[in-house]
Number of protein chains: 2
Amino acid sequence: MGKKKGQRKEHIYKVAQNLFRERGYAATSMRDLATAVGIEAASLYNHIRSKEEILQGICADIANQFFLALNPIKELDLTADQKLKRAIHAHIQVITNNLDASAVFLHEWRFLSEPFLSEFKTMRSNYEADYVQIIEKGIEEGVFKTIDPKFYCLTLFSSLNWIYEWYKPDGKFTVYEISKQLSHLLLNGIRKTEIV
Amino acid sequence: MGKKKGQRKEHIYKVAQNLFRERGYAATSMRDLATAVGIEAASLYNHIRSKEEILQGICADIANQFFLALNPIKELDLTADQKLKRAIHAHIQVITNNLDASAVFLHEWRFLSEPFLSEFKTMRSNYEADYVQIIEKGIEEGVFKTIDPKFYCLTLFSSLNWIYEWYKPDGKFTVYEISKQLSHLLLNGIRKTEIV
DNA sequence: CCTACCGATCGGTAGG
DNA sequence: CCTACCGATCGGTAGG
């Protein structure tokens, strides 16, 4: 019984992730969601408390996954560029394993109400700070150029967080190839002979 | 008289750009817009035909600006990396000169109805194709590594199109500095010694 | 540019 | 999980 109800809830979340991604959170009605699930709108409330609860669940889940992927890498005894490579790979894996949910996480978080909105922003700041730290260490070690760490970090994330837009699980690139090429590009650029 | 009405319309568009960016197109009501403008909701319709007409206007305007900025550069007799640098600078200028409108253009276009939606997608494809062409030429010329042009292009745009999120006109970086640093980063990476 | 109002749809609840 | 329904709000119109 409890198991069956959990499965249904799971299903509602999966469908919601897809609809919120495709149409946006605000433009997706509970009737849209119910129809896609195959039940009446009122019946949704036997499984979830509110529309926003679904959004909260999606955002918390993805946030958690990002930290679970990054935390072990932080402790490793590696040079900054190797550490950054691993972090990039971990981040890409979370996105490609959760295409719909990642898209919602990245674009629909602004519809969270307090205190979830503030929690989200704090969490995101912490995550970015971890990356900034790796980059700062790399500059100290002389592995990286003396670029502004925050600026580099924003550029890096923009590239990583765009992947859900074009990545296809059965496309021409594997996750490993994307990760390798993106790391290479952002670490070494595309120009053959560097002009200083 | 006609001039006064045009000014009001202009003002409605400016306010709409800001609201659509902050709250999203779907979550912004015509009453929100009217209140922010300082009139009643019904009065908006003396200046605009519909909510979507505003979105269409914003998207068309920004699309036009991107092409106006890029077209003259395409004809120039420059190496691919120099041409790409100029294109990047032009693209960044359009975004930083139209922060609200660019954000709407980049994220709210999916609420366009047909035929505007199809027109938008075609236009965007053409713009991307212009960049791909520059990159392909650079690979032929031996200026660029043999990276996948489409892949590089997507990464490039993701970095450029993220700028509106953090750029502040009175911030620590000028538009010229951002453009220079971003070109440098994406052309040369951040690693000091390239590992092949 | 306003008041007054339209039908449609919204998130959610009552009660079974 | 359903039928029936709530008050609120939506984009937009009529008429002045």
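Each chain gets a letter, A, B and so on, in the order its sequence line appears, and its residues count up from 1.
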5' precedence on DNA chain C between A:Asn46 and A:Asp32 (nearest-nucleotide basis):
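Its nucleotide being nearer the 5' end, the pick is A:Asp32.
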Do A:Gln56 and A:Glu52 have side-chain N/O donor and acceptor atoms under 3.5 Å apart?
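Yes, side-chain donor-acceptor contact under 3.5 Å.
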Short N-O contact, B:Lys150 and B:Glu128, less than 4.0 angstrom:
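B:Glu128 and B:Lys150: salt-bridged.
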Closest approach of B:Ile95 to B:Leu160 (non-hydrogen atoms, all atoms of both residues)
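Result for this residue pair: CD1-O, 3.4 Å.
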Both A:Arg31 and A:Glu40 contact DNA chain D. Which one's nearest nucleotide lies toward the 5' end?
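This one resolves to A:Glu40.
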Under a 3.5 Å limit for both distances, which nucleotide forms a Watson-Crick or G-U wobble pair with D:dG15, could you say?
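Its partner is C:dC2 (Watson-Crick or G-U wobble, both distances under 3.5 Å).
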Using the heavy-atom set of chain B and a strict 4.0 Å cut-off, write down the first and last nucleotide of DNA chain D that makes it in, 5' to 3'.
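Counting from the 5' end, contacts occupy D:dC10 to D:dT13.
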Check whether B:Phe173 forms a cation-pi arrangement with B:Lys180 (NZ or CZ under 6.0 Å from the six-membered ring centre, at most 45° off the ring normal).
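So B:Lys180 doesn't make the cation-pi contact.
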Among A:Ser183, A:Ser179, A:Ser159, which one satisfies side chain to side chain contact (heavy atoms under 4.5 Å, CB included) with A:Ile92?
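That would be A:Ser179.
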